[in-house]
Number of protein chains: 2
Amino acid sequence: MDRLSEVFSALADPTRRAILARLAEGEATVNQIAEPFPISLQAISKHLKVLEKAGLITRGREAQWRPCRLDAAPLREVADWVTGYQVFWEERYDQLSEYLKRIQKEH
Amino acid sequence: MDRLSEVFSALADPTRRAILARLAEGEATVNQIAEPFPISLQAISKHLKVLEKAGLITRGREAQWRPCRLDAAPLREVADWVTGYQVFWEERYDQLSEYLKRIQKEH
DNA sequence: AGCATATTCAACCTAGAAGTTAATTAACCG
DNA sequence: CGGTTAATTAACTTCTAGGTTGAATATGCT
């Protein structure tokens, strides 16, 4: 699986996006991360593994805790990819689109 | 399924991203879209349905053709979401991170 | 009408995602 | 050492994604 697909796939789950939002506020242990969610700790552990594989988090070791922290580097790749389409949602493009439609009708 | 998850999920497939890239060059019929791919037309048809459900393409009707065209609006939502993390991959943040580490060690 | 082309629908298969519970590993604490 | 806490691993279930092939639908052409 290519990198971008892996990142998009990791981001496609609201629980995982919520985890990233939590980590944006700072490091947290697995239990701390799991606390607000209505699912089992094991399920959270799996989500963390997915995020780690996608490069979105890194995990350290402190005694029996595995503090997680955000690594936003892959998000930059997402941003780079998506801005390639920026022209298509901008005003400018809508105007261009309208213009092309008008031209086409005139012929 | 929430909108953003649906869009991320749609983008998590390289074939679908390739389809979007193709449509960025202009409208295309299903057959035209399918042509470069080594999978069946039906599989492409399914991918298109996913993209349509995510709001990333729209489909018209011209005789027996269903021309597809890109709709980048959902990509804007992706861009908006991801830029919320921009600070975490920027230089500024790395410096802040280093600074915080240094402070912490000094105590 | 009858055939060709474009596209979708239906049924099916297989692999993987997301969750569960139960058991295991690892580290600290008394 | 024995118990507690933190986290992962294992085994299992259920559902869905992505692919296949074959049949159906819709439109254009002669």
Side-chain angles (χ1 to χ4, degrees), chain A residues 1-23 26-71 74, chain B residues 1-23 26-71 74:
Chain A
M1 202 183 193
D2 64 296
R3 179 133 204 84
L4 205 48
S5 294
E6 205 159 36
V7 176
F8 275 129
S9 183
L11 296 177
D13 185 291
T15 301
R16 287 194 290 262
R17 290 198 307 279
I19 290 173
L20 293 182
R22 165 67 185 81
L23 293 177
E27 261 192 23
T29 68
V30 179
N31 270 292
Q32 289 171 334
I33 292 167
E35 194 270 324
F37 296 101
I39 61 178
S40 71
L41 193 67
Q42 290 93 322
I44 295 293
S45 188
K46 280 192 191 178
H47 281 305
L48 291 174
K49 201 188 278 185
V50 172
L51 290 169
E52 188 178 29
K53 206 162 167 234
L56 287 160
I57 65 168
T58 57
R59 287 196 268 191
R61 256 189 200 224
E62 281 178 39
Q64 69 268 54
W65 295 277
R66 309 281 158 82
C68 301
R69 57 177 190 287
L70 180 64
D71 183 350
Chain B
M1 202 182 193
D2 64 296
R3 181 134 205 82
L4 205 47
S5 295
E6 204 159 37
V7 175
F8 275 129
S9 183
L11 297 176
D13 186 291
T15 301
R16 285 194 290 262
R17 289 198 306 280
I19 290 173
L20 294 181
R22 166 68 184 81
L23 293 178
E27 261 191 23
T29 68
V30 179
N31 269 293
Q32 289 172 334
I33 292 167
E35 194 270 324
F37 297 102
I39 61 178
S40 71
L41 193 67
Q42 291 93 323
I44 295 293
S45 188
K46 279 192 190 177
H47 281 304
L48 291 173
K49 201 188 277 185
V50 172
L51 289 169
E52 188 178 29
K53 205 161 167 233
L56 287 160
I57 65 169
T58 56
R59 288 196 267 191
R61 260 191 196 221
E62 281 177 37
Q64 69 269 55
W65 295 278
R66 308 282 158 80
C68 301
R69 56 177 190 288
L70 180 64
D71 183 350

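Hydrogens, waters and symmetry mates are skipped; everything else that's a heavy atom, side chains included, is used. Letters A, B, ... are given to chains in the order of the sequence lines, protein chains preceding strands, and every chain is numbered from 1.
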Every protein N/O lying under 3.5 Å from an N/O of nucleotides 8-10 of chain C:
residue	atom	partner	partner atom	Å
C/dT8	OP1	B/Arg59	NH1	2.8
C/dT8	OP2	B/Ser45	OG	2.8
C/dC9	OP2	B/Lys49	NZ	3.4

Side chain of B/Ile39 only, please: which of D/dT20, C/dC28, C/dT20 is the nearest?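 Nearest to the side-chain atoms of B/Ile39, counting from C-beta on, is D/dT20.
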Show me the pairs that pass salt bridge (charged side-chain N to carboxylate O under 4.0 Å, His left out) and involve residues 8-23 of chain B, at least two apart or across chains.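 Sorted pair list: A/Asp2-B/Arg17.
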Grab the [atom1]-[atom2] distance between [X] and [N] for me, whole Å please.
| X | N | atom1 | atom2 | answer |
| --- | --- | --- | --- | --- |
| A/Ile44 | C/dA17 | CD1 | C1' | 15 Å |
| B/Leu51 | D/dA17 | CG | P | 13 Å |
| A/Glu52 | D/dT8 | CD | C1' | 12 Å |
| B/Asp13 | C/dA17 | CG | P | 13 Å |
| B/Trp65 | C/dT5 | CH2 | C1' | 8 Å |
| B/Leu11 | D/dG18 | CG | P | 12 Å |
| A/Glu35 | D/dT5 | CD | C1' | 16 Å |

Distance below 4.0 Å between [X] side-chain N/O and [N] OP1 or OP2:
| X | N | answer |
| --- | --- | --- |
| B/Arg16 | D/dG18 | yes |
| B/Thr29 | C/dA6 | no |
| B/Asn31 | C/dT7 | yes |
| B/Ser40 | D/dG19 | no |
| A/His47 | C/dG19 | yes |

For B/Gln64 and B/Thr15, find the nucleotide of DNA chain D closest to each by heavy atoms; which residue's nucleotide sits nearer the 5' end?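 Its nearest nucleotide being more 5', the pick is B/Thr15.
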Within the 4.5 Å heavy-atom criterion, are A/Phe37 and A/Ile19 side-chain neighbours or not?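 They are in contact (side-chain heavy atoms under 4.5 Å apart), so the answer is yes.
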Side-chain heavy-atom pair A/Val50, A/Leu56 within 4.5 angstrom cut-off: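 The answer is no; the side chains never approach within 4.5 Å.
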Using rotation axes that map the C1' atoms of four end pairs onto the next four (five pairs an end), what angle separates the end axes of the helix from C/dA1-D/dT30 to C/dG30-D/dC1, to 10°?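 If I round to tens, the end axes sit 10° apart.
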Tell me if a side-chain donor or acceptor on B/Glu35 pairs with a main-chain N or O of B/Gln32 at a distance below 3.5 Å.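 The answer is no, because no donor-acceptor pair under 3.5 Å joins these two groups.
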Nearest-nucleotide comparison on DNA chain C, the residue closer to the 5′ end among A/Ala43 and B/Gln32: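 Going by which nucleotide is closer to the 5' end, it is B/Gln32.
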At what distance, to the nearest 0.5 angstrom, does CD1 of B/Ile39 lie from NE2 of B/His47?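 That separation rounds to 4.0 Å.
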